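Everything numeric here is computed off the predicted structure, so don't read it as measured data.
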Amino acid sequence: MALTLQKQTVNIALDQGCTFEKVITAQNSASQNVTISTGTCASKMRQSYYSSNNVTVLTTAVAGSNCTISLTATQTAALSPGNYVYDIEYTQSGGTIVERLAEGIITIYGEATK
């Protein structure tokens, strides 16, 4: 049985060359926290909604209702300043049910000291 997650829109701003981490709490349609006890979360970042190429894959970790996405300083340094899109998808342990936990825009701000 699916968790029936409520998709959230979470826009993110981060600085190029810095370590990044964001926690997003899984919720149902009644805005109640939902525990992710089985399955996995995965997150990808692309140049636009229409692009089929991933710019990078964000590291994901799940604990209870929280899904943490992160990038290292080396990964963010390799990204060009600008706007990107991302999503986080939850795949139930059976692998057949996939739900979108969150999506949004990631804005990368350039380094002033390069």
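Considering only heavy atoms from C-beta on, Tyr86 comes within 4.5 Å of Ser43 through its side chain. Residues Phe20 and Thr72 are not in side-chain contact: their nearest non-hydrogen atoms beyond the backbone lie 4.5 Å or more apart. Side-chain contact between Lys7 and Glu103 is present, with heavy atoms from C-beta onward closer than 4.5 Å. For the pair Ile88 and Ile24, the minimum side-chain heavy-atom distance is below 4.5 Å. Looking only at side-chain heavy atoms (C-beta outward), Ser70 and Lys22 stay at 4.5 Å or farther from each other. Inter-residue side-chain proximity for Asn53 and Gln47 is flagged as unmet; no heavy-atom pair is nearer than 4.5 Å. Side-chain atoms of Tyr90 and Thr40, non-hydrogen and from C-beta on, never get closer than 4.5 Å to each other.
Listed by chain and residue number, nothing satisfies the side chain to side chain donor-acceptor pair (under 3.5 Å) test with Asn11 (two or more places apart in sequence, or in another chain). Asp87 is linked by a side chain to side chain donor-acceptor pair (under 3.5 Å) to Arg100, counting only residues two or more places apart in sequence or in another chain.
Distance CD1/Ile105 to OH/Tyr84: 13.0 Å, rounded to 0.5 Å. Atoms SG and CD1, from Cys67 and Ile36 in turn, are 6.0 Å apart once rounded to the nearest 0.5 Å. Summarising the geometry, atom CG belonging to Asn33 is positioned 8.5 Å from atom CG belonging to Asn28; distances are rounded to the nearest 0.5 Å. The OG1 atom of Thr76 lies 6.5 Å from the CG atom of Leu14; values are rounded to the nearest 0.5 Å. Taken to the nearest 0.5 Å, the SG atom of Cys41 stands 12.5 Å off from the CG atom of Leu58. Here the CG-CD1 distance, from Leu101 to Ile69, works out to 9.5 Å after rounding to the nearest 0.5 Å.
Residues Tyr49 and Val85 share a closest heavy-atom pair of CZ-CG1, 3.5 Å. The shortest heavy-atom contact between Val34 and Gln27 is CG2-C, 3.7 Å. When every heavy atom of Pro81 is checked against every heavy atom of Gln16, the shortest pair comes out as CD-NE2, 3.8 Å. Among all heavy-atom pairs drawn from Gln75 and Val57, the shortest one is NE2-O, 4.0 Å. The shortest non-hydrogen separation linking Gln8 to Thr25 is NE2-O, 2.7 Å.
The environment of OH in Tyr50 is sparse: at most 12 heavy-atom neighbours from other residues, nucleotides or ligands sit within 6.0 Å.
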